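Okay, structure first, notes after.
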Amino acid sequence: MRTDTPQPVRLSDYRPFPFLIETTSLEFQLDPSATRVKATLSIKRSGDAAEPLVLNGERLKLISAAIDGQGLSANQYALDAEHLTIHQVPDAFELTTEVEIDPSANKALMGLYMSGGRFCTQCEAEGFRTITFFPDRPDVLSRFTVRIEADAAFPYLLSNGNLWEGGEVDSSQPDRRHYAVWNDPFPKPAYLFALVAGELDVLEDSFVTMSGRTVALKVFVDPGQAPRAAYALDALKRAMKWDEEAFGREYDLDLFMIVAVRDFNFGAMENKGLNIFNSSLLLAAPETATDMDYERIESVVAHEYFHNWTGNRITCRDWFQLCLKEGLTVFRDQSFSADMRGEAVQRIKDVKALRARQFAEDAGPLAHPVRPNSYLKIDNFYTATIYEKGSELIRMLKTILGAETFRKSLDLYFERHDGEATTVEAFIACFADASGRDMSDFFAWYEQAGTPAVSLAHAYDETAKTLEITLTQSTAPTNGQPIKRALPVPVTIGLLDGEGEVLRDSEVVLLDAPASTVRWEGVERAPVISALRGFSAPVNLTTDTRSVDRYVQFAADPDLFNRWEAGQTVARELVLGRAAGTPDEVGEERYADALGKALVDDASDPAFKALLLALPTEGDLSLAVDPVDPAAIHAARVHLKAVIAVHLGDLLRRLHGDLQSGGEFSADARAAGKRALRNACCDLLAADPHAVNVERVVGHFESAANMTDAIGGLSALVAIGGASAEKALAAFHAQWRHEPLVLDKWFAAQARDPGEGAIGRILALTAHPDFDAGNPNRLRALVQGFSSGNPARFHDETGAGYRFLADQILAVDGFNPMTAARLVEPLGAWRRYVPELGALMRQQLERIREHVGLSKNVLELVSRALD
Ligand code: ARG
Ligand code: ZN
């Protein structure tokens, strides 16, 4: 049983730091197990004269500390596990500290650590305090100069900003130590500090900015991997150009660097001038990366680059404001991807991800506002709510105010707050000032957790030709927020007639009360209402739309998002109906028929058709019922897939054949869309596994000329199971065992195996020589691939799946609490499951909570989950 109760950090406790750190000079003597860091800070008091200087510092061995060159005696300071406190300091002074740290022992991958024999850093949110003593908070901005010294085994020495000088330290010495000095002219908070040292290959290019400055671009990767960085570099140039055009944002240093590392807790990090990436989000070649990888690389490269303005030039006052940079930057990267790859397809993918991750989070005990007001570990708040819902809020601002005012507001934000660490309030004030509108209601979106339920009912008067649409909203209570307010919900609505002809173009209706009715005159024919077009607000919409009208939308809605959504809604009803014991066989055939028609529509894009063909995921379906019976949902979904596969067999096989492309690989959206459709056909054919189809799927796998097709085939074979799956897995492993990123996919494919006995095989994989829980990519491939990607087996009735997850969480928590905490979520949903399963999930959460030595990260999440 734990006795210590960690105290939460609260937004309401915010106080400015009472000192300014005008300059920070760091000197690193790099050594894998004993690195020395000397820090010289020039400090000025800005607050009360009585305030002591309190610096953050964890796991640091203090060697010395001095003020203006005078060593501190033991009674002048206090040192605890988290702080260095100097009781009395002058109003202006220079503080020098020297510490020793052990990067090779750092398996938490926060601060300075080793990956693949190279030094690298991750400081956001609170990693800098494990490098040196410093006010490690985002509102303390300082000008950094960094001197790095290492021996010849580490040829590249990189940090933020511009390279000032470098060379050999003393060429007469045998160890040939060398050094580099970097200076970053832009004041920044410590979380944006970065250092990389080691042997790397570099791919170089340049970009001429809108004002004519030439920026050198360098992407550093493991030796031998440079060709695989070409796509990321190309995406970077497109992102730089796009940000100039779409937002008027120009890059500000003469150099922009990206480094890829294999061991990284999350996707990537926007350190000033020196972004550090998980190699899975940077390296790509047709043989090793799927189209989804290419897509994500493009968007994450853009995301981190866009942070240079939304995050770095303007940062957050405190971590409660995280969405200020993350929500806005996700919105910017989504807009970029939409311009690169097509608006509707991008929107559908973004909404699928939003529902899968954020709606699930918002529906469970881990629900929190986009701007939370307390936390134990800020690392736990890098969530889908902060990122994805945060982005939806920005999108709504654009929808409500219009593109022009939206841009004007952001221009004002950049002008007003450049160089500052600011707040969401200050951000929203820019929208109010630029638009002349009162935005105070909108702020509730930042403060209120939970997904609003919106319902739409309509009444059409045939003689008067009037249409009344009544919208209502409500938000269910969430942990700590029993009472909810009505939010301003922009609902974009258009009308079709029963033949699918346009009756009315889109219009934005702002629902800003619990209920409101709008009346449209001159509606000539009985309308089909297409509401929430483009998913204009992050809500759950239910409508009084009749089933026939959904088919009208599915065939003809000019809003492609809603065309797709109509199909998903029908599919959801069919699967859930069957899962609840009320199958609708006629409906299933009819749906398959409509899909068949959509597939042969020459006007629509293959990428879009691929999305139409994919049924709602089991996760998505489980959000629509209470309580969830995962086995029933799985069986019903498999059944609908099989119906479609049988009904459309000839068409699917024909398309699958026709779409096969010979010739050169292109990663562009058009080519990727065709591959997506062909793989969607393959996936469906696997649901009707008679000999002809199995042979086709095997052929798909064996003749794959790129990783997209190889993984498509492999996943389909794993879903079929049996000897052909075994054979394919063995062949895949033999071919790729020396490519870590590809091997991750091999683990992930097996983690998603829905077959009987899969848990045993997955357990066995944790003992596979290639499994390494210390590497977050490998760990997530297997463990998260299973817990999030394989609901049928995760929710095994014996509870074996839950036990497996809890075991993994506890094992990883021993050395990497941040990554361990990110695995907790699937168990958190226990209340939504049928009681037998819910109780088993709860048991594992309790077991985790009781574990001696549990980290604050995991403790916070399991406690909230059990609340
Ligand atoms: N700022 C980074 C990004 O979104 C992510 C940093 C994640 N940090 C963390 N402690 N989880 O681009
Ligand atoms: Zn970000």
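As the structure is a computational prediction, the values presented were derived from the model and not from experiment. Counting starts at 1 for both ligands and their atoms, following the listed order.
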inquiry  = Is the terminal nitrogen or CZ of R249 (NZ for Lys, CZ for Arg) located under 6.0 angstrom from the six-membered ring centre of F414 and within 45° of that ring's axis?
reply    = yes
(request) Output yes when E245 and K241 qualify as a salt bridge under the 4.0 Å nitrogen-oxygen rule, no when they do not. (result) yes
Quick note, salt bridge (charged side-chain N to carboxylate O under 4.0 Å, His left out) partners involving residues 371-385, not counting sequence neighbours, are R371-E425
Atom name of the N, O or S atom of E326 nearest to the Zn ion (ligand 2) is OE1
Closer than 2.8 Å to the Zn ion (ligand 2), do we get an N, O or S atom from E270, backbone or side chain? no
Output field for angle at the Zn ion (ligand 2), H307.NE2 vs H303.NE2, rounded to 10°, should show 100°
One finds that the ligand 1 atoms under 4.0 Å from a non-hydrogen atom of A125 are 10 (N)
Salt bridge (charged side-chain N to carboxylate O under 4.0 Å, His left out) filter on R143, not counting sequence neighbours, yields none
At under 4.0 Å between heavy atoms, what of R822 touches ligand 1? The answer is side chain
_Stepwise side-chain hydrogen bond (donor to acceptor under 3.5 Å, both in side chains) test for T385 and Q358_ = CA-CA 5 Å; T385 296; Q358 202 279 324; 3.0 Å; yes
_Would E126 count as a contact residue for ligand 1, given that I'm defining contact as a non-hydrogen atom of the residue lying under 4.0 Å from a ligand atom?_
no
Atom 3 (C) of ligand 1: of F266, Y382, F264, Y387, the nearest heavy atom sits on Y387
Out of D379, N275, V330, the nearest non-hydrogen contact to atom 10 (N) of ligand 1 is supplied by D379
Value for OG (S299) from CD (E304), rounded to nearest 0.5 Å, stands at 9.5 Å
